[in-house]
Number of protein chains: 2
Amino acid sequence: MDVVVFSFRQAEGIRVLLCKRRSEPFKHRWALPGGSLQYDESLERGVQRILESRTMIKATYMEQLHTFGKPDRDPRGRIISIAYMAIAKPERINLAEDESGEIYWYNIRRIPDLAFDHRRIIQAAIVKLKNKIWNDLLCFEMLEAKFLFSDLEILFNSLQDKPVERRNFRKKVLSFGILEELQDQIVGRRGRPAIYYRFNRTKYFELRDRGYNFYLPQG
Amino acid sequence: MDVVVFSFRQAEGIRVLLCKRRSEPFKHRWALPGGSLQYDESLERGVQRILESRTMIKATYMEQLHTFGKPDRDPRGRIISIAYMAIAKPERINLAEDESGEIYWYNIRRIPDLAFDHRRIIQAAIVKLKNKIWNDLLCFEMLEAKFLFSDLEILFNSLQDKPVERRNFRKKVLSFGILEELQDQIVGRRGRPAIYYRFNRTKYFELRDRGYNFYLPQG
DNA sequence: ACAAAAGTGTTCGATATACACCCATGT
DNA sequence: ACATGGGTGTATATCGAACACTTTTGT
């Protein structure tokens, strides 16, 4: 199994977690965190176990991506990879200072050469992430509990070429009625202070279950 | 691997191909066509081979659905199923006269008790089919080369409770510019004769590649 | 005062929605 | 003639697209 773990911070953009391989094949190449499923664990538990044992990072969201099974995808023989897509909150990111370590968060626009077919897997995960963010508001899984509207804006912008139109974007997102404005303001920065928002998950699920459509235009 | 094969005919609606199991476990229960992947074949080829050997039916469209891996999903032990969704054209359907045979097309609203977790797999496939039909016009994969607008209408109606509004539906679908009106008319039926249409796949792909959005409203 | 970032309203065009009658054939 | 299924047009409401200036703070 392999996992594509994404995280987001305003300063760094969207990043993917990679591990440097310690053994052949592709020794010293960067690769997705991965490993073998144990006999009696579910797929989800297996992915969690592998991720945590390899990287000490816990995913806050996880979903099956695709199963990759080309006969020649692994030089060791017939190995099928059930790939998962996951999201980790930025507060969990405190390892890996630079690329010289064993683990590193790479910006999705600057992925190095990877082992196996892992580049393809990441591409597939990015496509899925995009869809989920635009259609299912998965964006809120990528933000901290309190966030600024500019965080959201930058998150969306890091997934497409043309930036969103701020006024329309704001209007539409707020119209869903799933954000709570906090009294808190961010200070100590230049410019007008921004308002913090919180995601109301309960309301979101309520609407979702009633078939409400969270599609965001201008994607 | 297991396959959920769908087909459609105006008279019968959307149906799923099921096989009666010949061996334990779940002997004599209905189940999805399935089998084991061979060492050196790709997932797609494996599914095709299994489907054809079990049922003599060739799928005209195929796509990976999901991998099901609960530890207890198979009483024989840890068996993971990579499930595919497929579509067969109605002209391929000429076996299986009734439910007493080995193979039968069951209407998706009248699925019997199934072996393993196959009911879940079918549910997942139906959700995916719905999405694909509404957003990617997968509907045309389910129709014959020549078809009537009423075929389309009935196909859409068999996936949702409220019927589509005929005038709006027609207007929207025609606005995509991917249908060609044929000179042919259907005869020998009561009522005003209907016009045959043909799907222009080339135009469809052209538009698709330019990011055209084939979303159909009122879903 | 100025630079930097946050916030806001309106107009216009496109498209989804709602709705009811006429048409062409077989019987 | 009538029953059956096929085909069509228009008016209204909603929503997406486009667009530029004001506000509030730090320096």
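These numbers were taken from a predicted model, which means no experiment stands behind them. In what follows, every chain begins at residue 1, and chains take the letters A, B, ... in the order their sequences are listed.
Remark: P of C:dA20 and CZ of B:Arg167 are 8 Å apart, rounded to the nearest angstrom. Atom pair B:Tyr215:OH and C:dA16:P shows a separation of 8 Å (rounding to whole Å applied). Separating the CG atom of A:Asp151 from the C1' atom of C:dG7 is a distance of 16 Å, rounded to the nearest angstrom. Between B:Ile195 atom CD1 and D:dG5 atom P there is a gap of 18 Å when expressed in whole angstrom units. The interatomic distance linking A:Phe169 (CZ) with D:dA18 (C1') rounds to 17 Å, in whole Å. A:Asn213 places its CG atom 13 Å from the C1' atom of C:dA16, with the value rounded to the nearest Å. Residue B:Glu153 contributes atom CD, which lies 11 Å from atom C1' of D:dG7 at whole-angstrom precision. At whole-Å resolution of the value, CG in A:Leu182 and P in C:dA6 are 16 Å apart.
No donor-acceptor contact under 3.5 angstrom links the side chains of B:Glu206 and B:Tyr212, judged on distance only.
At least one donor-acceptor pair closer than 3.5 Å links the side chain of B:Lys128 to the backbone N or O of B:Gln64. Here the side chain of B:His118 pairs no donor or acceptor atom with the backbone of B:Ala31 at under 3.5 angstrom.
One finds no side-chain N or O of A:Arg189 lying less than 4.0 angstrom from the OP1 or OP2 phosphate oxygen of D:dG26. Side-chain N/O atoms of A:Arg170 include one lying less than 4.0 angstrom from OP1 or OP2 on C:dT8.
Map B:Val187 and A:Ala194 each onto its nearest nucleotide of DNA chain C; the residue landing nearer the 5' end is A:Ala194. Residues B:Lys171 and B:Ser150 each lie close to DNA chain D; by heavy-atom proximity, the contact nearer the 5' end of the strand is made by B:Ser150.
Judged by the 6.0 Å distance and 45° axis criteria, A:Arg170 is positioned over the aromatic ring of A:Phe149.
The aromatic ring centres of A:Tyr106 and A:Tyr104 sit less than 6.0 Å apart.
Taking only side-chain atoms of B:Asn168, from C-beta outward, the nucleotide of D:dG9, D:dT23, C:dA24 with the closest atom is D:dG9. Of the listed nucleotides (C:dT17, D:dG7, C:dA16), C:dA16 has the atom at the smallest distance from the side chain of B:Lys172. Considering only the side chain of A:Arg166, C:dG7 comes nearest among C:dG7, D:dC19, D:dG7.
Residue-to-nucleotide contacts include no donor-acceptor pair under 3.5 Å from the side chain of A:Arg190 to the base of D:dT27.
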